[in-house]
S.K.: 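Mind looking over this structure? Questions follow.
Computed over heavy atoms, backbone and side chain alike; hydrogens, waters and symmetry mates excluded.
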Amino acid sequence: MNRYSDHTDTGIEWIGDIPSNWNIKPLFALLQENKTKNIFKNENVLTLSYGQIKLRDLSKNRGLLPENFEGYQVVENGYIIIRSTDLQNDKKSLRVGLVRNTGVITSAYLGLIPSKEISPDFTYQYLNMCDLKKVFYGLGGGLRQSLRFDDFKRFPLLVPPPHEQTLISKYLNKKTSQIDSLIEKIERKIKLLKEQRTSLINQCVTKGLNPDVEMKDSGIEWMGEIPRHWKVKRLKYFSSVELSSVDRHIVEDEIPVDVCHYTQVYKNEKINKTTELSKGTCTPQELKKFSLFKGDILLTKDSESPDDIGIPTLIEEELKDTVCGYHLCHIRVLKKEMNPEFLYRFIESTMIQKYFSISSNGVTRFGLGKPIIENMPVLLPPPVDQQTIADKINRFSTLVLSTISKETNRIELLKEYRQSLISNVVTGKIRITEKMI
């Protein structure tokens with residue numbers, strides 16, 4: 001690996017040593033704040049999304065946009081945009097973008113204009129590194145940790161010689177594009193695997209395993225035809241449905257328990273003794289009512305997005321002193337005519353997820369009431385068929401989820417490598433030469 005022969009200690013922890021022929025200057029010496037406002041009807045509206053400046057599709061979410069874009073800042077190729085609010089919100093990382101096209105963007109973002117002394121591409125990569133290292137967290141102020149230019153103008157910028165800035169920019173553009181392309185390829189593979197899993201579940205729980213079986217009308221328009229020997233019943237006729245009241249507060253005179261909360265349900269296909277749960281407390285009545293037994297199904301009942309409600313998980317084994325937490329629905333099968341594993345897979349089907357989405361109520365937060373869940377129509381194949389269907393789905397799902405987990409880990413490693421590479425290059429830990437481009 002290429003190294004610089006001579007280094008200087010910057011005294012800045014997150015930068016460390018830099019090549020002796022590099023300089024450090026305050027941001028205001030190299031970048032000025034963009035103050036050009038849009039006074040014309042310019043609808044070439046841009047947005048910052050996941051570190052990329054993109055053209056905004058005005059045909060979508062029009063109701064959430066202003067009537068016109070007067071007051072937006074006008075930006076040009078080479079400008080740097082920083083989402084300068086909520087600096088401590090990890091969900092809003094990748095808050096730095098590089099403008100490639102002339103347009104307008106909200107003035108809520110901080111716009112910076114690089115001077116001729118500094119490469120826009122190098123500046124973008126450098127500030128992106130600072131963002132990923134969470135260097136901006138200590139800057140700004142106010143309730144939303146907002147960053148103004150005055151808060152930012154003395155921020156230290158590294159200034160390599162111009163030819164090195166060009167080499168660094170070309171190298172990082174090339175390498176990050178290769179990494180991003182590989183990540184996109186893996187993400188497409190994961191998406192395909194998820195679609196295959198969903199397709200199998202849909203087919204098995206609504207049509208069965210025999211393609212030649214005689215069909216009949218289910219009597220429910222959105223269910224369509226089902227195998228002739230299957231039944232349709234409302235969930236409440238063979239299961240109990242309860243909405244949990246166990247919150248996250250730990251109360252001194254209550255019973256100590258493990259609590260399965262919303263996050264564990266949302267992220268896990270099944271819950272067992274190896275699943276990491278939260279500590280909590282509940283009353284004796286809540287322990288009796290919401291204790292978790294093998295075969296219980298937990299369901300997310302409300303969320304900020306309708307796509308996140310009705311997500312189930314299956315309790316795979318008996319869990320001692322463990323209860324269902326708040327914002328969840330607790331379902332327990334009470335009759336032998338229904339196999340809990342089949343019911344769990346049935347709830348996972350696209351058909352039932354659409355039922356929940358359509359039936360949910362809310363504007364900024366969506367929820368499922370108890371009657372909606374209780375009255376959910378459920379298909380009942382013969383018990384032996386239910387088990388066979390559940391076993392087939394389990395085998396395929398286990399294989400798919402294992403592969404998805406491995407591919408997801410690959411993505412995380414690639415992202416870590418990408419971040420490390422940018423950091424080492426823009427701070428001079430790795431020297432870029434013409435041969436590396």
Side-chain angles (χ1 to χ4, degrees), residues 183-211 213 215 218 220-227 230 232 235 262-272 275 295 297-316 328-329 331 333 338-360 366 368 372-373 376-381 385-411:
I183 289 174
E184 287 177 10
K185 184 178 179 181
I186 297 172
E187 287 175 338
R188 286 195 298 270
K189 179 181 178 180
I190 290 174
K191 182 181 179 182
L192 178 60
L193 286 168
K194 288 181 177 179
E195 289 173 352
Q196 290 174 340
R197 177 180 177 273
T198 299
S199 178
L200 179 75
I201 291 172
N202 291 341
Q203 177 65 30
C204 290
V205 302
T206 62
K207 308 300 180 187
L209 303 180
N210 181 5
V213 68
M215 307 295 284
S218 66
I220 299 173
E221 184 178 354
W222 50 269
M223 271 193 176
E225 290 191 331
I226 62 174
W230 288 20
V232 181
L235 180 65
Y262 192 101
T263 303
Q264 285 90 35
V265 172
Y266 192 85
K267 291 185 175 181
N268 292 283
E269 185 181 43
K270 296 181 180 180
I271 302 291
N272 53 43
T275 308
I297 297 168
L298 305 186
L299 197 70
T300 59
K301 72 176 184 66
D302 46 42
S303 177
E304 294 176 358
S305 168
D307 294 334
D308 293 336
I309 60 175
I311 306 299
T313 192
L314 180 70
I315 306 302
E316 196 171 26
L328 297 173
C329 174
I331 301 170
V333 174
M338 172 53 69
N339 181 309
E341 285 191 277
F342 176 84
L343 176 59
Y344 162 62
R345 296 302 184 185
F346 182 78
I347 294 173
E348 275 196 307
S349 70
T350 302
M351 178 178 63
I352 295 304
Q353 291 302 303
K354 286 182 178 178
Y355 165 78
F356 285 145
S357 181
I358 293 170
S359 303
S360 64
F366 299 84
L368 295 171
I372 292 172
I373 301 171
M376 177 184 78
V378 180
L379 297 182
L380 276 81
D385 290 352
Q386 291 182 38
Q387 188 62 59
T388 303
I389 290 170
D391 289 344
K392 178 172 181 174
I393 295 175
N394 283 338
R395 288 192 297 270
F396 186 73
S397 184
T398 298
L399 178 62
V400 167
L401 294 180
S402 175
T403 304
I404 288 176
S405 177
K406 290 175 183 176
E407 296 301 324
T408 301
N409 288 336
R410 282 183 66 200
I411 289 176

S.K.: Going by distance alone, is a donor N or O of one side chain under 3.5 Å from an acceptor N or O of the other, for Glu269 and Ser397?
M.R.: yes
S.K.: When you measure from the side chain of Glu348 to the backbone N and O of Pro312, does any donor-acceptor pair fall under 3.5 Å?
M.R.: no
S.K.: How close do Ser218 and Val232 get, heavy atom to heavy atom, and via which atoms?
M.R.: O-CG2, 4.1 Å
S.K.: To the nearest 0.5 Å, tell me how far Met376 CE sits from Ile331 CD1.
M.R.: 6.0 Å
S.K.: Answer yes or no: is there a side-chain heavy-atom contact under 4.5 Å between Arg345 and Cys204?
M.R.: no
S.K.: Look at the rings of Trp230 and Phe342 and say which category their plane angle falls in: under 30° parallel, 30 to 60° tilted, over 60° perpendicular.
M.R.: perpendicular
S.K.: Backbone N or O of Leu399 within a donor-acceptor pair of the Ser402 side chain at under 3.5 Å?
M.R.: no
S.K.: Is the shortest heavy-atom distance from the side chain of Leu343 to the side chain of Leu235 under 4.5 Å?
M.R.: yes
S.K.: Is any side-chain heavy atom of Ile190 closer than 4.5 Å to one of Thr408?
M.R.: yes
S.K.: Side chain to side chain contact (heavy atoms under 4.5 Å, CB included), that's the test. Do Leu209 and Lys392 meet it? Break it down for me.
M.R.: CA-CA 9 Å; Leu209 303 180; Lys392 178 172 181 174; 3.7 Å; yes
S.K.: Evaluate the criterion side chain to side chain contact (heavy atoms under 4.5 Å, CB included) for residue pair Gln264 and Thr313; output intermediate values, then yes/no.
M.R.: CA-CA 9 Å; Gln264 285 90 35; Thr313 192; over 6 Å; no
S.K.: Indicate the atoms forming the closest heavy-atom contact of Glu407 with Ile186, along with that distance.
M.R.: OE1-CG2, 3.4 Å
S.K.: Measuring from atom OG1 of Thr263 to atom CG of Asn268, what distance do you get when rounded to the nearest 0.5 angstrom?
M.R.: 10.0 Å
S.K.: Measure the spacing between CG of Asn339 and OG1 of Thr388 and express it to the nearest 0.5 Å.
M.R.: 9.5 Å
S.K.: Give the minimum heavy-atom separation between Pro377 and Ile220, together with the two atoms involved.
M.R.: CB-CD1, 3.4 Å
S.K.: Would you give the length of the straight line joining atom OG1 of Thr398 to atom CD1 of Ile393, rounded to the nearest 0.5 angstrom?
M.R.: 11.5 Å
S.K.: Tell me, please, which residues at least two apart from Glu195 pass side-chain contact (heavy atoms from CB on, under 4.5 Å).
M.R.: Lys191, Leu192
S.K.: Is the shortest side-chain heavy-atom distance between Met215 and Val213 below 4.5 Å?
M.R.: yes
S.K.: Can you check whether Val265's main-chain N or O pairs, donor with acceptor, with Thr300's side chain at less than 3.5 Å?
M.R.: no
S.K.: Drop me the distance from Ile373's CD1 to Ile347's CD1, to the nearest 0.5 angstrom.
M.R.: 9.0 Å
S.K.: If you define the side chain from C-beta out and look only at heavy atoms, does anything of Val205 sit under 4.5 Å from Leu379?
M.R.: no
S.K.: Counting N and O atoms only, with roles assigned by atom type, does the side chain of Tyr262 sit under 3.5 Å from a partner on the main chain of Asp302, one being a donor and the other an acceptor?
M.R.: yes
S.K.: Using modelled atom types and a 3.5 Å cut-off, is there a donor and acceptor pairing between side-chain atoms of Tyr355 and backbone atoms of Ile372?
M.R.: yes
S.K.: As an exercise, state the distance from CE of Met351 to CZ of Phe356, rounded to the nearest 0.5 Å.
M.R.: 10.5 Å
S.K.: Is there side-chain contact between Gln387 and Asp391, with heavy atoms separated by less than 4.5 Å?
M.R.: yes
S.K.: Without hydrogens or angle criteria, can the side chains of Asn202 and Thr350 be said to hold a donor-acceptor pair below 3.5 Å?
M.R.: yes
S.K.: Taking all heavy atoms of Ser360 and all of Pro306, pick out the closest pair and write down the distance.
M.R.: OG-CB, 4.3 Å
S.K.: Can you find a heavy atom in the side chain of Thr275 that is under 4.5 Å from one in the side chain of Asn272?
M.R.: yes
S.K.: Under the side-chain contact (heavy atoms from CB on, under 4.5 Å) test, which residues partner Asn409, sequence neighbours left out?
M.R.: Ser405
S.K.: With side chain to side chain contact (heavy atoms under 4.5 Å, CB included) as the criterion, how do Gln196 and Leu200 come out once you've worked through the C-alpha distance, each side chain's angles and the decisive distance to 0.1 Å?
M.R.: CA-CA 6 Å; Gln196 290 174 340; Leu200 179 75; over 6 Å; no
S.K.: How far apart are the C-alpha atoms of Ile311 and Leu299, what are their side-chain angles, what is the distance that settles it, and do they pass the side chain to side chain contact (heavy atoms under 4.5 Å, CB included) test?
M.R.: CA-CA 5 Å; Ile311 306 299; Leu299 197 70; over 6 Å; no
S.K.: Answer yes or no: is there a side-chain heavy-atom contact under 4.5 Å between Ile358 and Trp222?
M.R.: no
S.K.: What's the shortest heavy-atom distance between Glu225 and Lys207, and which atoms?
M.R.: O-NZ, 2.5 Å
S.K.: Minimum heavy-atom separation for Met223 to Val378, with atom names?
M.R.: CE-N, 4.3 Å
